[in-house]
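To start, the structure itself, in structure tokens.
The residues of the chain are indexed from 1 along the displayed sequence. Order of listing sets the numbers, starting from 1, for every ligand and every atom in it.
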Amino acid sequence: MTITALFPGSFDPFTKGHEYIVERALQLFDNVCIAVGTNVSKKGLLSVENRIRLIKDIYASNPRVRVVSYGSLTGQFALEQGASVIVRGIRNSIDFNFEHDIEATNRILFPSITTVFLATPSEYAHLSSSVVRELLAFGRDVSEFLPGNIDIAKYL
Ligand code: ADP
């Protein structure tokens, strides 16, 4: 049986913390579908198209990773993508409490889907897309927070 995990998020932008979660998920599941949400109320920095382009550039040579956008309920979208698992990264107890409520709701609405929480290591526990956006707004170099050779200027 092939297991596909959906990793949903805003990814504005995709960081080393996100990359770590994808790496771990690839150790557990056959495929990872990274789903960039389009209907989030958060004000974005990168356009959804550029968020997707950035993530696709990272995983261009990995056939086990797909990158898509979505604007529906995450659980519904997981079913449509053939994903039986939703993966979320947990940095701290605030993340856990927030995600736990969503997990409980999804378990009722989409009983066939299992949500898996993956803990982040301490070096990424303080890393968030919003911190990266803040630094960018002040013209700082953010490359140490982004995967590999990503030049964020290409996606702004
Ligand atoms: P959302 O708006 O859905 O929280 P994000 O792009 O901020 O979207 O995060 C997507 C997922 O990645 C969430 O599960 C979040 O907890 C996780 N995540 C974000 N930053 C990190 C990090 N530094 N380490 C591990 N997981 C992270």
Side-chain angles (χ1 to χ4, degrees), residues 3-29 31-59 62 64-81 83-107 109-110 113-137 140-148 150 152 155-156:
I3 300 183
T4 298
L6 190 85
F7 182 34
S10 315
F11 306 116
D12 185 27
F14 193 87
T15 68
K16 277 184 174 168
H18 297 129
E19 182 185 40
Y20 177 87
I21 300 299
V22 172
E23 279 169 13
R24 285 280 160 173
L26 285 170
Q27 291 173 2
L28 295 171
F29 310 113
N31 301 298
V32 173
C33 178
I34 303 174
V36 181
T38 59
N39 63 352
V40 280
S41 50
K42 295 177 184 173
K43 187 179 164 304
L45 175 72
L46 274 64
S47 67
V48 169
E49 291 69 29
N50 280 339
R51 293 179 212 177
I52 289 175
R53 197 159 61 87
L54 186 155
I55 305 169
K56 280 189 171 169
D57 287 347
I58 296 168
Y59 296 105
N62 191 335
R64 295 172 58 208
V65 178
R66 276 190 308 126
V67 190
V68 295
S69 67
Y70 78 108
S72 51
L73 262 185
T74 302
Q76 182 62 41
F77 188 68
L79 291 179
E80 288 163 15
Q81 294 296 305
S84 53
V85 172
I86 292 174
V87 168
R88 295 288 284 174
I90 301 289
R91 285 163 291 194
N92 49 43
S93 57
I94 298 170
D95 272 356
F96 177 77
N97 287 337
F98 180 74
E99 297 295 343
H100 194 248
D101 286 350
I102 296 174
E103 185 275 339
T105 308
N106 277 337
R107 192 141 41 94
L109 294 179
F110 307 102
I113 294 176
T114 303
T115 299
V116 172
F117 297 151
L118 295 174
T120 196
S122 55
E123 68 255 43
Y124 301 140
H126 301 284
L127 178 53
S128 65
S129 298
S130 58
V131 165
V132 172
R133 290 197 300 275
E134 182 93 5
L135 291 171
L136 282 169
R140 302 300 294 251
D141 176 24
V142 296
S143 49
E144 68 181 291
F145 303 117
L146 306 181
I150 290 298
I152 193 74
Y155 307 93
L156 291 172

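Between the side chain of R88 and the backbone N or O of T115, no donor-acceptor pair lies under 3.5 Å. Remark: side-chain polar atoms of T38 are paired, donor with acceptor, to backbone N or O of Y70 under 3.5 angstrom. Side-chain N or O atoms of N50 include one that pairs as donor or acceptor with a backbone N or O of Y155 at under 3.5 Å. No side-chain donor-acceptor contact under 3.5 Å links R91 to the backbone of T120. Looking at N31, its side chain never comes within 3.5 Å of a backbone N or O of T4 through a donor-acceptor pair.
In this structure, N106 has no side chain to side chain donor-acceptor pair (under 3.5 Å) partners at least two apart in sequence or on a different chain. Remark: E134 engages F138 in a side chain to side chain contact (heavy atoms under 4.5 Å, CB included) (not counting sequence neighbours).
Here the CZ atom belonging to R51 is positioned 11.0 Å from the CG atom belonging to L54, to the nearest 0.5 angstrom. From Y59, atom OH reaches atom CD1 of I34 across 5.0 Å, with rounding to the nearest 0.5 Å.
The shortest N or O to N or O distance between L127 and ligand 1 is under 3.5 Å. Checked against a 3.5 angstrom limit, the closest N/O atoms of S10 and ligand 1 fall inside it. Among the atoms of F11, some N or O lies under 3.5 angstrom from an N or O of ligand 1. Taking distance alone, with nitrogen or oxygen atoms compared against 3.5 Å, D12 stays at or beyond that limit from ligand 1.
Interface atoms of ligand 1 facing G9, defined by a heavy-atom separation under 4.0 Å, are 3 (O), 8 (O), 10 (C). Annotation for ligand 1: atoms under 4.0 Å from non-hydrogen atoms of F7 are 11 (C), 12 (O). The distance from ligand 1 to the heavy atoms of G17 drops below 4.0 Å at these ligand atoms: 22 (C), 23 (N), 24 (N), 25 (C). Of all atoms in ligand 1, numbered sequentially from 1 with element shown, those under 4.0 Å from a heavy atom of T120 are 24 (N), 25 (C). Counting atoms of ligand 1 from 1 in the listed order, those under 4.0 Å from a heavy atom of D95 are 16 (O). Close approach of ligand 1 to R88 is summarised as follows: ligand atoms under 4.0 Å from at least one heavy atom of the residue are 1 (P), 3 (O), 4 (O), 10 (C), 11 (C), 13 (C), 14 (O).
A salt bridge is absent between R53 and E49: the closest approach of a Lys/Arg side-chain nitrogen to an acidic carboxylate oxygen does not fall below 4.0 angstrom.
No heavy atom of A119 sits closer than 4.0 Å to any atom of ligand 1. Residue contacts with ligand 1 include I21, since one or more of its heavy atoms lies under 4.0 Å from the ligand. Residue contacts with ligand 1: Y20 is excluded, as none of its non-hydrogen atoms falls under 4.0 Å.
Contacts between S128 and ligand 1, counted as non-hydrogen atom pairs separated by less than 4.0 Å, are absent for every part of the residue.
If you check each of K16, H18, E99, R91 against atom 12 (O) of ligand 1, the one with the closest non-hydrogen atom is H18.
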